[in-house]
Visitor: 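The structure follows.
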Amino acid sequence: MTEPGTIMLVGAGPGDPELLTLAGLKALREAEVVIFDRLVNPELLAHAPPEAERIDAGKTPGLTHAMAQERINRIMIERARAGRRVVRLKGGDPLIFGRGGEELQAARAAGIPVRVIPGVTAAQGAAAALQIPLTHRAAAASVAFVTGCGAGGEEPAGVNWQALATRVDTLVVYMGARRLAAIAQELIAGGRPVDDPVALVRQATLPDQEVRILTLYELAHDPAAADIAPPVIMITGAALHLREGQQTQADPPRKGL
Ligand code: SAH
């Protein structure tokens, strides 16, 4: 049993409720407070005891009614200080985007015992659904998880598209839905071949999953191709040639990091 007054940062997985880990399930069953995000499948909340407090942190990016991050941190810490077992349930993996790192730091700074239970991140959910190996001995020696937008939806600071274009084999872009054409243009400008395949996966692992397979060129230049509502994950690289039913000769991995 988890100690009272502990915060558990739990990965809920990418959408399919079956993709929660057993450790995550156990944490939910023992929870006295569950603070959950917008991308968490609501079905998972049924695993928490009926009397557990459920708090919707509904963080829709850019919307003002969203609970500010500081407020989430405060609620999480207050409840734990009151001796309750707090589960902070986050979409995918808690430490891949989604500000899990900030919550971890806040809990530590407050002196609250905190544990992290990993989750299946969206990249893995989408890759499994499409049967794309993110790495492959013959086709992809490296993979990068990259953010497609900054905190306010703008071009992300600190992402070197040019370096990523030529030095990383498989690229997975999170939070890119609003900037897909611009991202494709930056990758092409950085030297990525225009005919590199791209998969856009919306609502990966859920019954309404949508998949679009196209080329970098189409994504960069056809506005309709890039028009897709979030949550979307973009996967690009030669590994896509190895997706389900598409086995062709693989390109050699890109050279040198
Ligand atoms: N911690 C999460 C990511 C949070 S950032 C994780 O590990 O998956 C939110 C972004 O994740 C979305 O903008 C989208 O790019 C991606 N994402 C999350 N769930 C998704 C899903 N079911 N299908 C497609 N993309 C998803």
Side-chain angles (χ1 to χ4, degrees), residues 8-21 23-24 27 35-44 56-63 66-67 69 72 76 87-105 116-132 134 143-156 158-159 164 170-184 198-214 219 226-236 240 243:
M8 310 279 275
L9 288 186
V10 177
D16 177 351
E18 299 254 303
L19 294 177
L20 179 74
T21 65
I35 308 174
F36 58 98
D37 279 346
R38 189 177 46 92
L39 284 177
V40 164
N41 191 323
E43 282 181 39
L44 291 178
D56 181 355
K59 294 195 308 169
T60 303
L63 287 191
M67 251 166 127
Q69 186 63 49
I72 297 172
M76 199 172 71
V87 164
R88 176 69 177 106
L89 190 59
K90 302 184 68 73
D93 181 86
L95 301 183
I96 295 180
F97 303 121
R99 306 196 180 187
E102 285 161 62
E103 293 172 8
L104 190 59
Q105 282 174 310
V116 181
I117 297 177
V120 175
T121 189
Q124 296 171 303
L130 273 67
Q131 301 191 10
I132 300 169
L134 294 174
V143 56
F145 295 166
V146 187
T147 179
C149 72
E154 73 287 0
E155 160 140 29
V159 175
L164 290 169
T170 309
L171 293 176
V172 185
V173 181
Y174 287 69
M175 296 176 285
R178 308 270 180 231
R179 295 192 64 255
L180 290 171
I183 291 166
V198 178
L200 302 180
V201 191
R202 176 166 192 277
Q203 297 281 55
T205 76
L206 287 162
D208 55 347
Q209 168 177 290
E210 271 176 58
V211 179
R212 224 178 259 179
I213 306 288
L214 61 174
L219 190 58
D227 184 19
I228 185 165
V232 173
I233 197 115
M234 165 182 164
I235 307 180
T236 184
L240 256 86
R243 94 193 125 86

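Treat the numbers as computed from the prediction; the structure is a model and nothing was measured. Start at 1 with the first residue, then count along the sequence. One-based numbering, in listed order, for ligands and for the atoms of each.
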Visitor: For atom 19 (N) of ligand 1, state which one of Ala129, Gly148, Ala122 supplies the nearest heavy atom.
Guide: Ala122
Visitor: Would you mind running through ligand 1 and noting each atom that sits below 4.0 Å from a heavy atom of Gln203?
Guide: 22 (N), 23 (N), 24 (C)
Visitor: Quick check on contacts: which atoms of ligand 1 are under 4.0 angstrom from a heavy atom of Val201?
Guide: 24 (C)
Visitor: Counting heavy atoms only, which of Val40, Leu39, Thr121, Asp208 comes nearest to atom 6 (C) of ligand 1?
Guide: Thr121
Visitor: Could you check whether any side-chain heavy atom of Gln209 comes within less than 4.5 Å of a side-chain heavy atom of Val201, counting everything from C-beta outward?
Guide: yes
Visitor: Have a look at Thr205, Ile96, Asp16, Asp37 and point out the one with the heavy atom closest to atom 3 (C) of ligand 1.
Guide: Ile96
Visitor: Heavy-atom contact under 4.0 Å between Pro231 and ligand 1?
Guide: yes
Visitor: Check whether any N or O atom of Arg202, backbone or side chain, sits under 3.5 Å from an N or O atom of ligand 1, and answer yes or no.
Guide: no
Visitor: Counting only nitrogen or oxygen atoms and a 3.5 angstrom limit, does Met175 reach ligand 1?
Guide: yes
Visitor: Supply the atom-to-atom distance Thr170 OG1 to Leu240 CG, rounded to the nearest 0.5 angstrom.
Guide: 8.0 Å
Visitor: In the protein, what heavy atom is nearest to atom 2 (C) of ligand 1, and what distance, to one decimal place, separates them?
Guide: Gly91 O, 3.1 Å
Visitor: For residues Ile35 and Leu89, determine if any side-chain heavy atom of one lies less than 4.5 Å from a side-chain heavy atom of the other.
Guide: no
Visitor: Quick check for you: to the nearest 0.5 Å, what is the distance between Asp37 atom CG and Arg99 atom CZ?
Guide: 10.5 Å
Visitor: Would you say Leu95 and Val116 make side-chain contact, with heavy atoms under 4.5 Å?
Guide: yes
Visitor: Which of the numbered atoms in ligand 1 are under 4.0 angstrom from any heavy atom belonging to Ile233?
Guide: 24 (C), 25 (N)
Visitor: Report yes if some N/O of Gly15 lies less than 3.5 Å from some N/O of ligand 1; otherwise report no.
Guide: no
Visitor: Salt bridge check, Arg38 against Asp56: does any charged N sit closer than 4.0 Å to a carboxylate O?
Guide: no
Visitor: Are Pro14 and ligand 1 in contact, using a heavy-atom cut-off of under 4.0 Å?
Guide: yes
Visitor: For ligand 1, is there an atom lying under 4.0 Å from some heavy atom of Gly125?
Guide: no
Visitor: Testing Ile183, Leu171, Thr236, Ile235 one by one against Val198 for a side-chain contact (heavy atoms from CB on, under 4.5 Å), which residue passes?
Guide: Thr236
Visitor: Is Asp93 close to ligand 1, meaning an N/O of one under 3.5 Å from an N/O of the other?
Guide: yes
Visitor: Got a second to check how far Ile117's CD1 is from Asp93's CG, nearest 0.5 Å?
Guide: 11.5 Å
Visitor: If I apply the N/O under 3.5 Å rule, does Ala204 come out as touching ligand 1?
Guide: yes
Visitor: Of the protein's non-hydrogen atoms, which lies at the shortest distance from atom 11 (O) of ligand 1, and what is that distance?
Guide: Tyr174 CD2, 3.4 Å
Visitor: Does Lys90 reach ligand 1, in the sense of a heavy atom lying below 4.0 Å from it?
Guide: no
Visitor: How far is atom 15 (O) of ligand 1 from the closest protein heavy atom, and which atom is that?
Guide: Val232 O, 2.7 Å
Visitor: Rounded to the nearest 0.5 Å, what separates atom OG1 in Thr147 from atom CZ in Phe97?
Guide: 5.0 Å
Visitor: When you check the gap from the basic side-chain N to the acidic O, do Arg179 and Glu154 get nearer than 4.0 Å?
Guide: no
Visitor: Do the side chain of Arg202 and the main chain of Ala229 share a donor and acceptor less than 3.5 angstrom apart?
Guide: yes
